Amino acid sequence: MGSLKVPCRWWYSYSPLEQTSFGGKAVPFPASRFCCFLPSSTGWRSHPGFVLHSLELVHPKCSSFVDSTRGVHFTARASVQPVTKEIVEDKVKDLPTSGDSIRRRFLEFYAARGHKILPSASLVPDDPTVLLTIAGMLQFKPIFLGKVPREVPRATTSQRCIRTNDVENVGQTSRHHTFFEMLGNFSFGDYFKKEAIKWAWELSTMEFGLPADRLWISVYEDDDETFSIWHDVVGVPAKRIKRLGEDDNFWSSGVTGPCGPCSEIYYDFHPERGESNVDLGDDTRFIEFYNLVFMQYNKTDDGSLEPLKQKNIDTGLGLERMARILQKVPNNYETDLIFPIIEKASELANVSYAVADDCTQKYLKIIGDHMRAVVYLISDGVIPSNIGRGYVVRRLIRRTVRMGRLLGIRGDGLENLEGAFLPVLAEKVIQLSMHIDSDVKNRAARIFEELKREELRFVQTLERGEKLLEQMLVEALLDAKGSGTAPCLSGKDAFLLYDTYGFPVEITKEVADGRGVGIDMNEFDTEMENQRRQSQAAHNVIKLGVENGSDLTENVPDTEFVGYDTLSANAVIEGLLVNGNPVIQVSEGNEVEVLLNRTPFYAESGGQIGDHGILFVSKAGNHKKAAVEINDVKKSLGNIFVHKGTVTQGVIEVGSEVEAAVDAKLRQRAKVHHTATHLLQAALKQVIGKETSQAGSLVAFDRLRFDFNFHRPLLENELVEIEGLVNRWIADATLLETKVMPLTDAKRAGAIAMFGEKYGDQVRVVEVPGVSMELCGGTHVSNTSELRGFMVISEQGIASGIRRIEAVAGDAFIEYVLTRDNYMKQLCSTLKVKAEDVTTRVEALLEELRVARNEVSAARAKAAIYKASAITCKAFSVGTSKEIRVLVESMDDVDADALKSAADYLLDTLEDPAAVFLGSCPGEGKVSLVAAFSPGVVELGVQARKFIGPIAKMCGGGGGGRPNFAQAGGRKPENLLGALEKAREDLIAIISEKAG
């Protein structure tokens, strides 16, 4: 069909960056952004199936077309023609398809439809139910729950996400990642299914130009409404719409909470395979790239579905997947989002990705994926450790290092064999980060430092793992020789190497095969599956639930905080809770949570604890007086302050007027410590480097605690310098300045923001002029002189790469100094020396103690050897073909070190081949055991570390060691004689079998 000239009405959706003045000029805008409305019997009707061919404005001089949703309405007489494959391809062939341009085009597409572009949230979520940000909707969870009011009706984001539940699939499939970007459009009680579906289709077919005949749709099996929209409104043939079950197309946040059907768009890479017996789960043919969740129900405790008061839209389009489609590459890894990292890794490994085998390509893909994950995690403040988020980073780093070593990368991959290659790859990741998170570049030095330190440390671990593997192989060969079976490494040992020492099972298998040792892969797979289930349970669920107090909080407004300006205020009780349940009144002696319309009490946040004080009611209903002692204040459900305390007098009621009074002395202590925390951070940056940053804090009445990123303990002179700087700034008596300004202005001015903290458009900036400027909502002193003095009381490591300083200032500083001075006076009195001589006297006492302990230890060893010489005659022979001397005896109360000396003496005396097993009770509730076997015994396949374990268990303990020598302890002395008898019987039986 050719073009058709008809009267029509048009809607043009424009980018915020485009000019929108039509006047009498030709239309200079992409035709794909025009939506055609043709006249019908029911009025104007949208026809997305037509595109603009030529346009003649009916009112060319009219300039008032723009409305608030970034679009233009106008009436025109135009030529339109049906959308064809050729037209779409012609319109989009010159459009950019880079990952950055896809992200930009997506955001601009929805911005032109009234959505506000919001920044990506941190990978560290403000949500205790999840470890990391795993979905684009996570930052909007409180809005979806109705806990906080929406600030905009529509939003669009490009969210950085981390998922590790499928980490073993990374590099194996074409689409699995640990780090990925989720493009999303969201509606908070605004539009719903029809608009979401039509826009998703328009984005896919018009903006990105995907051929309509290559797109397939999935809908929930019972969702007829969605099926109808896709088929009747959008025009997708029914045969390309698949109904799937609850497991595939019904989204649920958990056992209870918001849920609803979803619909997905799939791209067909192989339409030539036909349309019969199609399986959308076939990864070789299809990829699901856009998921639309229609959040319309609340699932109750009994499993029934209730309609939500506010229906929401939550969508996700995988950026890497769309890039793969548009860039026409065989997998996500070969897109411009990841492939530059792979190319750099190939260069370091001196291999060519294009001609590499499948295994080599897999290793390179894993490196490309994991490097993005670790760089962005460290940038967001996650430091490698053995717990929580830190373990996720550590595990990904170790997998990357393993892959590099498999590829032959040593050192930095260049010329420095003592260097690290992860920082080299991180440079490439950071180069690609500018349109994802521009702050990453500013944190580059810290990222490089963390990666280098973690890599070099792990290389040492790998080398220890190699030694352990060799030991395991020797033991497997010895066991096989003794039992006459084929040598085999247990699956648990292989998993230990994999999980603790970072050995891929492929490496273990390759080394083991070279020694003629098999691996119990079934047991290994069982261990892997157990870990995978634990990982999925911990990392891949976002919990949304309606809490007990939801009905109450819907009717309670946000609390007005007046505590910056005053420590007392009149307020009204808006709500009362006892054990989390709303009540009307609470009487004396009961604990209560009080919700006020306004308050001077600071609620715990930003590390500062909540205020203490009193709520005083002069008259409460028919009751004369009442009082509540407040001992904590927290924020809940947005900006509602919850005052926790105990009714100490009378009865309080909802609606009563109260006088809220903060404890001024405790508030001053908190203010002092909060300002001191800012000064401490400034001093740390000056002394140990600007790259150090806050990793947590506590501002309490009695002390402050500050956690920061640093790789080593602080030196004594560094602590002295830090204390000196802070005390100098205190003596300067500088007035603090507090301002409220736009977040962008604050960052431009150099204000320090805490990683992982969420900030609004307007932020509070606390500045100590010339010293410190931070985004902070806490309470502070007016003048640094109020701190009076500052002292560090401890500095220690709390995790890998995380240090902690505890310090005091103000009244707490005076109290600490006086208390410590009192201790010093007592110590001087006890030692009978002056204060300046205490150190010398203590060092002399410690040296005397060390000498005395060594003398005692030597005497005990001599006594043990003397006892051992007396029992040598109790040794007996076992075996016929090979006679082995065996001795199993009790050594009374000999301690563990002396017992070892005795065993060494006896083994030398009895000569090879010999087996010695000794036990003792060195103290109340203690057992010591030692097994010492000569080389001739070990060669038979009898190993000390394996033999001692079951015996130690009889005594309520355990131990370990080497094949020739092992020690153990226990807590049941009463079982020692029985354990020694068991050891004697087992040694006789084993050696008789082995020695014939």
Side-chain angles (χ1 to χ4, degrees), residues 122 124 128 131 377-394 443 445-447 449-450 453-454 457 604-610 669-727 729-730 752-757 772 774-776 778 787 789-810 812-813 815-817 819-820:
S122 168
V124 180
L131 197 63
L377 281 167
I378 294 174
S379 175
D380 277 359
V382 182
I383 302 301
S385 70
N386 288 328
I387 57 172
R389 302 179 183 101
Y391 179 70
V392 173
V393 178
R394 173 160 288 169
R443 301 164 187 157
R446 182 164 59 84
I447 294 169
E449 184 181 351
E450 289 293 342
R453 180 168 59 254
E454 189 68 15
R457 180 182 298 166
E604 179 180 326
S605 63
Q608 181 175 332
I609 66 174
R669 282 174 170 260
K671 289 164 61 177
V672 162
H673 281 141
H674 207 148
T675 302
T677 300
H678 286 208
L679 297 181
L680 172 59
Q681 176 161 223
L684 281 166
K685 288 181 176 292
Q686 189 166 323
V687 173
I688 64 175
K690 293 182 179 179
E691 286 304 317
T692 190
S693 61
Q694 183 175 348
S697 68
L698 171 69
V699 176
F701 303 134
D702 61 336
R703 72 192 188 287
L704 68 88
R705 189 176 71 207
F706 187 79
D707 301 339
F708 58 100
N709 301 306
F710 203 54
H711 60 279
R712 61 167 175 80
L714 297 189
L715 304 176
E716 186 62 33
N717 65 297
E718 290 173 330
L719 289 172
V720 170
E721 186 177 356
I722 288 167
E723 282 186 342
L725 279 172
V726 175
N727 282 307
W729 293 329
I730 292 171
I752 297 174
M754 171 70 175
F755 289 144
E757 283 289 316
S772 165
E774 295 191 30
L775 305 183
C776 183
L787 273 63
F790 172 87
M791 181 176 288
V792 173
I793 58 178
S794 69
E795 190 275 336
Q796 61 183 331
I798 59 169
S800 176
I802 303 290
R803 309 296 301 177
R804 170 173 290 172
I805 283 179
E806 292 198 357
V808 288
F813 163 77
E815 292 166 0
Y816 180 80
V817 170
T819 300
R820 197 166 71 161

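This one's a predicted model, so the numbers in the text were calculated from it and none came from an experiment.
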*Got a donor-acceptor contact below 3.5 angstrom from the H673 side chain to the A809 backbone?*
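At least one qualifying donor-acceptor pair exists.
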*Within the distance-only criterion (no hydrogens, no angle test), does the side chain of R389 pair as donor or acceptor with the backbone N or O of L131 below 3.5 angstrom?*
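Such a contact is found between R389 side chain and L131 backbone.
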[Y] side chain reached by [X] side chain, heavy atoms, under 4.5 Å:
| X | Y | result |
| --- | --- | --- |
| V392 | V382 | no |
| L714 | L684 | yes |
| T675 | K671 | no |
| I383 | V393 | no |

*Decide side-chain contact (heavy atoms from CB on, under 4.5 Å) for S697 and Q681; before the verdict, give the C-alpha distance in whole Å, the side-chain angles of both, and the deciding distance to 0.1 Å.*
CA-CA 11 Å; S697 68; Q681 176 161 223; over 6 Å; no
Inter-residue atom distance [X].[atom1] - [Y].[atom2], 0.5 Å rounding:
| X | Y | atom1 | atom2 | value |
| --- | --- | --- | --- | --- |
| H711 | I688 | NE2 | CD1 | 9.0 Å |
| T692 | K690 | OG1 | NZ | 13.5 Å |
| I722 | L679 | CD1 | CG | 12.5 Å |
| E774 | Q694 | CD | CD | 6.5 Å |
| F710 | E718 | CZ | CD | 6.0 Å |

_salt bridge (charged side-chain N to carboxylate O under 4.0 Å, His left out) contacts touching residues 693-703 (sequence neighbours left out)_ =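 Applying salt bridge (charged side-chain N to carboxylate O under 4.0 Å, His left out) to every pair that reaches into residues 693-703, excluding sequence neighbours, yields R703-E806.
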*Any idea how F706 and F708 line up, ring-wise: parallel (<30°), tilted (30 to 60°), or perpendicular (>60°)?*
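Judged by the thresholds at 30° and 60°, the geometry between F706 and F708 is parallel.
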Under the side-chain contact (heavy atoms from CB on, under 4.5 Å) test, residues paired with [X] that sit two or more places apart:
| X | answer |
| --- | --- |
| E723 | N727, F790, M791, V792 |
| D707 | A695, R705, I798, I802, R804 |
| A670 | Q608, F701 |
| E721 | V687 |

*So does R453 pair up with E449, basic N to acidic O under 4.0 Å?*
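Looking at E449 together with R453, the answer is yes, because their closest N to O distance falls below 4.0 Å.
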_Go through it in stages, so that I can follow the logic: the residues are R457 and R394, the test is side-chain contact (heavy atoms from CB on, under 4.5 Å), and I'd like the CA-CA distance, side-chain angles, deciding distance and then a yes or no._
CA-CA 11 Å; R457 180 182 298 166; R394 173 160 288 169; 3.5 Å; yes
Using every non-hydrogen atom in the two residues, find where [X] and [Y] come nearest and quote the distance to one decimal.
| X | Y | answer |
| --- | --- | --- |
| L704 | A676 | CD2-CB, 3.6 Å |
| G789 | I730 | C-CD1, 3.9 Å |
| D380 | V124 | O-CG2, 3.8 Å |
| A700 | I609 | CA-CD1, 3.9 Å |
| R446 | S379 | NH2-O, 3.6 Å |
| H674 | G778 | CE1-CA, 3.6 Å |

*asked:* The criterion is side-chain hydrogen bond (donor to acceptor under 3.5 Å, both in side chains); which residues satisfy it with R820, sequence neighbours excluded?
replied: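 With neighbours one apart ignored, the set is empty.
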